[in-house]
Amino acid sequence: MAESSEGEEEGKLTGGNQQLVVDDDLREMAKKVAWSVSSCKPGNGVLSLRDDNLDTYWQSDGAQPHLVNIQFQKKVRLQLVVLYVDFKLDESYTPSKISIRAGDGFHNMKEIKAAELVKPTGWVYISLSGSDPRETFVNTFMLQIAVLSNHLNGRDTHVRQIKVYGPRPNPFPRQPFQFTSTEFITYST
């Protein structure tokens, strides 16, 4: 699993990591999918969330909640959402409460995770795994990130980057199970 943000306790995330660090057994899942946002200021749209540039950002324009929708072509297994936000630069535009929802489409979204961000600066990791150890992934066609409120009662929001990660596919397709350690994978053939 990826490093968690400093001070994580019961949905509250503080701090943030300046470097994006994700385990090798995870891969970025949202490269070739349909991205949309509920609103944006001209020049600060959905493309700014995916350009790998921390100086650009998506800026919402309108009433809360502000939504980022990620639609996949087929059902995928997701494990981690990583956001880059910067309270030092964005102040009242920085999200403070986030809801992550999953479903087959807009008609049946259900909240799977809620997080409260406390003055974050850097990459914030939000695990999608449940409290039950068997719930390590979320199987979904669509993921929605909803910004419910901002710091200092700000109206619009800034999010600089979003990454979504899921498990790497089984490297041995005819094998009915997947090894998790490097040592077992080495001796698996």
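Just so you know, these numbers use all the heavy atoms, side chains as well, and skip hydrogens, waters and symmetry mates.
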Worksheet item: Mind checking what makes salt bridge (charged side-chain N to carboxylate O under 4.0 Å, His left out) contact with Asp52, not counting sequence neighbours?
Response: Lys163
Worksheet entry | Pairing residues for Arg160 by the salt bridge (charged side-chain N to carboxylate O under 4.0 Å, His left out) criterion, not counting sequence neighbours | Asp90
Worksheet item: Does Asp55 have any side-chain contact (heavy atoms from CB on, under 4.5 Å) partners at least two apart in sequence or in another chain, and if so, which?
Response: Asn53
Response to the item:
Applying ring pair (Phe, Tyr, Trp, His ring centres under 6.0 Å) to Phe72 and not counting sequence neighbours gives none
Worksheet item: Looking only at atom types and distance, does a side-chain atom of Ser127 sit under 3.5 Å from a main-chain N or O of Leu80, one as donor and one as acceptor?
Response: no
Discussion item. Using every non-hydrogen atom in the two residues, find where Gln64 and Leu148 come nearest and quote the distance to one decimal.
Written reply: OE1-O, 3.2 Å
Discussion item. Suppose we screen for salt bridge (charged side-chain N to carboxylate O under 4.0 Å, His left out). Which residues come up paired with Arg50, at least two apart in sequence or across chains?
Written reply: Glu28
Practice prompt. Provide the closest heavy-atom pair for Pro167 versus Arg27 in the form atom of the first, atom of the second, distance.
Written response: O-NE, 3.7 Å
Worksheet entry | Considering all heavy atoms, the nearest Ser48-Gly43 contact | OG-O, 4.1 Å
Worksheet item: Do Thr157 and Thr94 have side chains that get closer than 4.5 Å, going by heavy atoms?
Response: no
Discussion item. Show me the pairs that pass ring-ring contact (aromatic ring centres under 6.0 Å, His included) and involve residues 32-60, at least two apart or across chains.
Written reply: Tyr57-His158
Worksheet entry | Exercise: identify the closest heavy-atom pair between Cys40 and Val37 | CB-CG2, 4.2 Å
Item to complete: Flag the pair Ile70 / Phe141 as yes when at least one side-chain heavy-atom distance between them is below 4.5 Å, and no otherwise.
Response: no
Fill in: Interatomic distance, Ile145 atom CD1 to Ile98 atom CD1 [nearest 0.5 angstrom]
7.5 Å
Item to complete: Check Val33 against Gln71 and note the closest heavy-atom contact, atom names and distance.
Response: CB-O, 3.2 Å
Worksheet item: Are Leu83 and Val147 connected in the hydrophobic side-chain network, where two residues link if heavy atoms are under 4.5 Å apart?
Response: no
Item to complete: Please identify each residue that fulfils side-chain hydrogen bond (donor to acceptor under 3.5 Å, both in side chains) with Ser36, with sequence neighbours left out.
Response: Asn69
Worksheet item: Are Leu128 and Ile112 side-chain neighbours, meaning at least one heavy-atom pair lies under 4.5 Å?
Response: yes
Practice prompt. Look at atom CG of Asn153 and say whether more than 12 heavy atoms of other residues, nucleotides or ligands are closer to it than 6.0 Å.
Written response: no
Worksheet item: Same cluster or not: are Met142 and Ile162 linked, directly or through other Ile, Leu, Val, Met, Phe, Trp or Tyr residues, by side-chain heavy atoms under 4.5 angstrom apart?
Response: no
Practice prompt. Using the test ring pair (Phe, Tyr, Trp, His ring centres under 6.0 Å), find all partners of His66 that sit at least two apart in sequence or belong to another chain.
Written response: none
Practice prompt. In sequence, state the C-alpha distance, the side-chain angles, and the governing distance for Asn44 and Thr56, and then conclude on side-chain contact (heavy atoms from CB on, under 4.5 Å).
Written response: CA-CA 8 Å; Asn44 295 95; Thr56 62; over 6 Å; no
Worksheet item: With sequence neighbours excluded, what pairs up with Lys88 under the side-chain contact (heavy atoms from CB on, under 4.5 Å) test?
Response: Asp86, Thr121
Worksheet item: Just by distance, with hydrogens left out, do Ser96 and Ser149 show a side-chain donor and acceptor under 3.5 Å apart?
Response: yes
Worksheet item: For atom OH of Tyr93, is the number of surrounding heavy atoms from other residues, nucleotides or ligands below 6.0 Å larger than 12?
Response: no
Worksheet item: Can you pull the salt bridge (charged side-chain N to carboxylate O under 4.0 Å, His left out) pairs that have at least one residue in residues 98-109, sequence neighbours excluded?
Response: none
Discussion item. For the backbone of Lys110 and the side chain of Gln144, can you confirm whether one donor and one acceptor N or O come within less than 3.5 Å of each other?
Written reply: no
Item to complete: Check Asn150 against Pro95 and note the closest heavy-atom contact, atom names and distance.
Response: OD1-CA, 3.4 Å
Discussion item. Would a single hydrophobic cluster contain both Val46 and Val164, if residues Ile, Leu, Val, Met, Phe, Trp and Tyr are joined by side-chain heavy-atom contacts under 4.5 Å?
Written reply: yes
Worksheet item: Can you check whether Leu78 reaches Thr140 side chain to side chain, under 4.5 Å on heavy atoms?
Response: yes
Response to the item:
Interatomic distance, CG@Leu67 vs CZ@Phe106, rounded to 0.5 Å, equals 8.5 Å
Practice prompt. List for me each residue that meets side-chain contact (heavy atoms from CB on, under 4.5 Å) alongside Asp61, sequence neighbours excluded, and say none if there are none.
Written response: Ser39, Lys41, Arg155, Asp156
Worksheet entry | Path from Met109 to Leu143 over hydrophobic side-chain contacts below 4.5 Å | no
Item to complete: Output all residues satisfying ring pair (Phe, Tyr, Trp, His ring centres under 6.0 Å) with Phe87, sequence neighbours left out; order by chain, then residue number.
Response: His151
Discussion item. Test side-chain contact (heavy atoms from CB on, under 4.5 Å) on Leu117 and Val124; report intermediate values, then the result.
Written reply: CA-CA 9 Å; Leu117 309 179; Val124 177; 3.7 Å; yes
Discussion item. Walk me through whether Val76 and Met29 qualify under side-chain contact (heavy atoms from CB on, under 4.5 Å).
Written reply: CA-CA 8 Å; Val76 294; Met29 301 291 289; 3.9 Å; yes
Discussion item. Please determine whether residues Val21 and Leu26 belong to a single hydrophobic cluster, defined as Ile, Leu, Val, Met, Phe, Trp and Tyr linked transitively by side-chain heavy-atom distances below 4.5 Å.
Written reply: yes
Discussion item. Is it the case that atom NZ in Lys113 sees more than 12 heavy atoms from other parts of the structure closer than 6.0 Å?
Written reply: yes
